[in-house]
J.: 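Got a structure here, written out as structure tokens. Questions coming.
Order of listing sets the numbers, starting from 1, for every ligand and every atom in it.
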Amino acid sequence: MAIVPINMQEGKIAEEKRELIVGIDLGTTNSLVAYMDGDKPQIIKDPENGTALVPSIIYFSPDGQILVGNAAKKYLTEDPQNTIFSVKRLMGKAFGDIKSFKNILGYQIIDDDTDSLVKIRVKDKFYSPIELSSLILKELKTRAEGVLDTEISKVVITVPAYFNDTQRQATRDVGKLAGLDVLRIVNEPTAASLVYGLGDTKENESTAPAKKVAVYDLGGGTFDISILEIGDGIYEVLSTNGDTFLGGDDFDRAIIDYWLAQNIIQSKEMEADKSLGQSIRLAAERAKIALTENDFFSQEINGQLLSISRQQFEESIRPLIEKTIDLCSNAMKDAKLVPKEIDAIVLVGGSTRVPLVKASVNNFFSQADQKSGDERLKDYINPDETVALGAAIQADILAGNNKDTLLLDITPLSLGIETIGDLMDVILPRNSKIPAKVGREYTTSVDGQTKLKVAIYQGERQLVGDNRKLGEFILTGIPPMPAGLPKIEIGFIIDADGVLNVRAREKRSGVEQTIEIRSQYGISEEEMGKMLIDSVRNAKDDMKIKALLEARNEGNHILYAIDKFIHQNPDILSVGEVMTLLDHKTHLQEAIDGVDKDLINVRIQELNDFSAPLAHRAMDKTILDAMKGTSV
Ligand code: ADP
Ligand code: MG
């Protein structure tokens, strides 16, 4: 089974012809798009000013305009409430996952106290990270279409190696929502390795031992180290490590701290005058960038001379760099390798331009061995472009232009199961390599539930009704437990012949049930093509319905929880509080009966705001009672 080339404009299976697929790096700080110009990957630059990077920032203006990229950057300090940055950190995350850092984001993230995915509130609208990221992706699509003068419908998108299933699926949805067919999600370190041809083997070398590659990626806000093993065209991630809050932004802060320590600037003044604060922050970044080439930086800001030498800068960032080296060391331990076993070290991310970073990484990998790190060190002149260039190379391979690269067998359409609200939950995404074995854990939604229906679907649409049903079975004999407690693993196993086995297993009790599906390829390529095109065409509506259904599910979940709460805590609630809770419940129920997802979200938030302190009171009482119980 090979990739079916689809012509998105005409809705037909494309003829065998050279086709343009672009590669996209959706970064935390900056995003880029690249394509293959002959056999050379090229970044697509802004035709007006020649810039390659699109800052991953979105601004919602008071008059309803949406600005993306450089145009949005200045609003970070001018209008932080309505300026979204670092949305990649929120992809596929629940509120509980991001609680610890939500305060550093200037915009509003909704705490609905549930484990559903986060939402961002801008004025009276609620957005998912998927919707926000798709705005950045659309900007890149528009840029590429303008420069290349052709419509772009297919892309390869990169993600960090540590992204989980949910985060990868979210990234696929970003593409779909931007009107693009995401042919593949590629790991960022894999893309970077492609740029240096590290996976290439000459014919007579096909038995060559696998290469071990370390990819050191220091961006604006995150640091990732990945150790890969590359052989026979397979890129295996041996280990990953990193720090999701360490990057170039911290270098800027280190410079500001230096100026503060020198009494050149005052923190009080910076806080009082936001625009002065912003100018100083920007000056710090300029200083950092200048010190890559020069030994000294100075500039006058507001009548104050800000200066710093390369040496002073290096002293102030040394601890940060040492931290990244410690993490490299951990990654090497996890991969069970020592530095001299590494065949190549790839530097990625804008912050690896800093000479001390390069030198430190080089030093770590060449320590105590004869090999000099230098000859193994791969650093492109523009390390912030590497990942996008690699994505373009991968795209070219998928387009069939690179005949030397073998395409492995893959699944032509996504496979998944039906979850609450008739939604499709993809377990094995389209274009996954087979054979494959994947699993995901689910739980029950009602107290005492003993049965679970598992319905298997194939297709790209958000609602199962629009996809193709492959089969279903019922897992019975789940021991009665409170909702949310059972751990039910649904596993998908596809063998080399494409036969799909689905297994559901309740982990606590061990009850299980399986089904074998042989007919998943029983559709023609025409039909398959149509399904793909429909999914992109309907992405916007699908996502809307999905958001509404999810809001309803969440609302119903909360109504259920509130009932239980009132029932279980009669003695700590006043009559007035119960009345107010019931009022809120009615309002939420009304919203759920309607079709406005934003209204449902507003009502959920109101109910949560009111009930949170009551829940704390109930918790305190439980703890108090428990303590009473244990005292002698
Ligand atoms: P991300 O992958 O997180 O989106 P990038 O790889 O684009 O980020 O890196 C952005 C960071 O690189 C920013 O902190 C920026 O200041 C920094 N940077 C860019 N150019 C230089 C330079 N010449 N010297 C030092 N840092 C740089
Ligand atoms: Mg990056």
J.: Please tell me whether Tyr107 and Phe85 form a close aromatic pair, meaning their ring centres lie under 6.0 Å apart.
T.: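 Ring centroids of Tyr107 and Phe85 are less than 6.0 Å from each other.
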
J.: Can you list every protein residue that has a heavy atom under 4.0 Å from any atom of ligand 1, sorted by chain and residue number?
T.: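 Heavy-atom contacts below 4.0 Å: Gly27, Thr28, Thr29, Asn30, Gly219, Gly220, Gly248, Asp249, Glu285, Lys288, Ile289, Thr292, Gly349, Gly350, Ser351, Arg353, Val354, Asp384.
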
J.: Ring centroid separation for Tyr127 and Phe60, is it under 6.0 angstrom?
T.: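 When the ring centroids of Tyr127 and Phe60 are compared, they turn out to be within the sub-6.0 Å range.
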
J.: Less than 6.0 angstrom separating the ring centers of Phe297 and Phe313, yes or no?
T.: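 Aromatic pair excluded; centres sit 6.0 Å or further apart.
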
J.: Between Arg281 and Asp252, is there a side-chain N and carboxylate O pair less than 4.0 Å apart?
T.: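 No salt bridge links Arg281 with Asp252.
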
J.: With sequence neighbours excluded, what pairs up with Ser133 under the side chain to side chain contact (heavy atoms under 4.5 Å, CB included) test?
T.: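 Residues passing side chain to side chain contact (heavy atoms under 4.5 Å, CB included) with Ser133: Val87, Met91, Val174.
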
J.: Output yes when Asp250 and Arg253 qualify as a salt bridge under the 4.0 Å nitrogen-oxygen rule, no when they do not.
T.: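 Arg253 and Asp250: salt-bridged.
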
